[in-house]
Amino acid sequence: MRIVVLNGSPRETNSFTYQYLRYIETNFPEHEYVVHHIGRKIKKIEKDQVYFDSILKDIQAADGVIWLYPVYIQLVPSQLKRFIELVFENNKQTYFKGKNATSLSTSGKFYDHLAHYYIQAISEDFGMNYSRGYSAEMMELMKKDERKRLRKFFLQFVIQCENKTTTANYYSPLTFNYPNYKPINIEKQQKTKNYKVTVLTDATKSDVSLNNMIDTFVKLMPCEVSVVNINEADIKGGCLGCLNCAAENICFYSDEYMDIFKQQIIAADALVYAFKTKDRYFSSKMKIYLDRAFFNGHRPVFMGQQQAYFVSGPLRQMPILREALEGMSEVGRANFVGIVTDEYEDSKKITKLIQNAIDGMLWCIENEKYVSPKTFLGVGGHKIFRDLIHTYQIVFPQDYRYYKKEKLFDWPKVFFGQFSIFLKPLMRIPSFRRRFFAMSGKYQTRLFDRVIKKEVTEKTKK
Ligand SMILES: Cc1cc2nc3c(=O)[nH]c(=O)nc-3n(C[C@H](O)[C@H](O)[C@H](O)COP(=O)(O)O)c2cc1C
């Protein structure tokens, strides 16, 4: 079998993920492995058509394709995303058609599922037969049982390649038939309020709807808005995963990135991410921006910020991106104000939605920076980060200090506290257990009653 491996890690052969491939190669030497270090070579691939074509030809001649990648900010690294964009831009999907494919990733298991869903959706767009991938926690290879699991995974994939197994499609092809958003008679509001509001965008001149959405927002917002266009900023490249930043939260690149992040993004009371979708996510350019935020570590620095998203493109058909956006706000402890897209026939409706977003942001800022409660996306994300920072406190000392100071090591407390010492043995007695559950409804209600009454009293006092 000839397996082509597309390695998305910018760390090339030093990468964690690559060691998983080495393990497979060592255990299954009967197969041929053709590895392309996409993450490291993306600039060359972009510039050198002959090199790009040689990768495509290898894919065409393969019996199977493995997408090998670390999870970077809920997706694959910007470099691998760019490679996928190049395939679409150059209309080269046919090179992938009919191939069996799968993913092999490493991560801290934070939103790894979204990276896998994305690669599956893209594989389907390329006409491949995609089998469920393998998502490893980065150090898992050290465990015997996990190595066994990895061998089994690979064996199954080989069988699928040999049989040219047809797999089910999870995603429909994307369609988009809406007209450009063209607002009329938008009156510029007096700038009476003094909040810091930023729009972060990668809009180009040809993105008519997106530019109009930003323009409408800037006019209707009753305070000054700074628009940061990352195409115009000095951002030298994507994150290389070097972890030089981990100790002091300083990125090795010397460019404008950290200044923009600290002064325009974190410092804002309200932030709008405005972008056009590219394939099934936002652009690799925007992804560069997000990956580079890793310099800041795992600290939820957006506490109390109002965040909205203006999206041009078929977001309703992109559950992966939608979940990423909501998750991003929740994990950052920002308030997810909402998403405005241009998926409407009627431009007036889009203008109203932009106005709603503005009203929502202002109301929340003026109501003690209201943040809606977190769902699984934020709660789960926090717990994973908390455990990760605790485990890797030597690697991320700044994060560790921050988590301690902000009391983010919020380990679970035992229900009933110290009474549980007595209750645990008693709960093994069936008659006690029956009585306990019979009483528990009443007890709970009484508990809540007290609090509810207290709140009502406070309100009447005011
Ligand atoms: C820029 C950056 C972003 C990351 N984002 C995530 C993430 O969203 N979820 C996660 O579980 N791990 C994340 N990680 C951790 C990596 O996925 C993990 O360390 C991986 O094993 C690195 O693999 P590599 O050495 O092959 O590049 C991130 C690491 C970096 C450098």
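Only this structure's heavy atoms are used, side chains among them; waters, hydrogens and symmetry mates stay out. Whatever order the structure lists them in is the order used to number ligands and atoms, beginning at 1. Just so you know, residue 1 is the first one in the sequence shown, and it goes up from there.
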What residue among Glu162, Glu32, Glu30 forms salt bridge (charged side-chain N to carboxylate O under 4.0 Å, His left out) with Arg2? Glu32
Output, in order, the C-alpha distance, side-chain angles, deciding distance and verdict of side-chain contact (heavy atoms from CB on, under 4.5 Å) for Asn180 and Asp342. CA-CA 7 Å; Asn180 276 332; Asp342 57 356; 5.6 Å; no
Options Asn14, Ile73, Leu75, ranked by nearest heavy atom to atom 5 (N) of ligand 1, top entry: Ile73
Please answer whether the main-chain N or O of Val337 pairs with a side-chain N or O of Tyr309 as donor and acceptor at a distance below 3.5 Å. no
Describe, in one word, how the ring planes of Trp411 and Phe409 are oriented to each other, choosing from parallel (under 30°), tilted (30 to 60°) and perpendicular (over 60°). parallel
Which of these, Phe294, Phe110, Phe295, has its nearest heavy atom closest to atom 29 (C) of ligand 1? Phe294
Please indicate whether any nitrogen or oxygen in Gln74 is less than 3.5 Å from any nitrogen or oxygen in ligand 1. yes
Tell me, which protein residue and heavy-atom name are nearest atom 19 (O) of ligand 1, and how many Å apart are they? Met138 SD, 3.3 Å
Contact (N/O only, under 3.5 Å) between Ser9 and ligand 1: yes
N/O to N/O below 3.5 Å, does that happen between Lys109 and ligand 1? yes
Can you say whether the rings of Tyr257 and Phe261 are parallel (under 30°), tilted (30 to 60°) or perpendicular (over 60°)? parallel
May I ask you to check if ligand 1 and Cys239 share an N or O to N or O distance below 3.5 Å? no
Would you check, one step at a time, whether the test side-chain contact (heavy atoms from CB on, under 4.5 Å) holds for Lys81 with Glu85? CA-CA 6 Å; Lys81 173 78 176 53; Glu85 289 173 4; 2.9 Å; yes
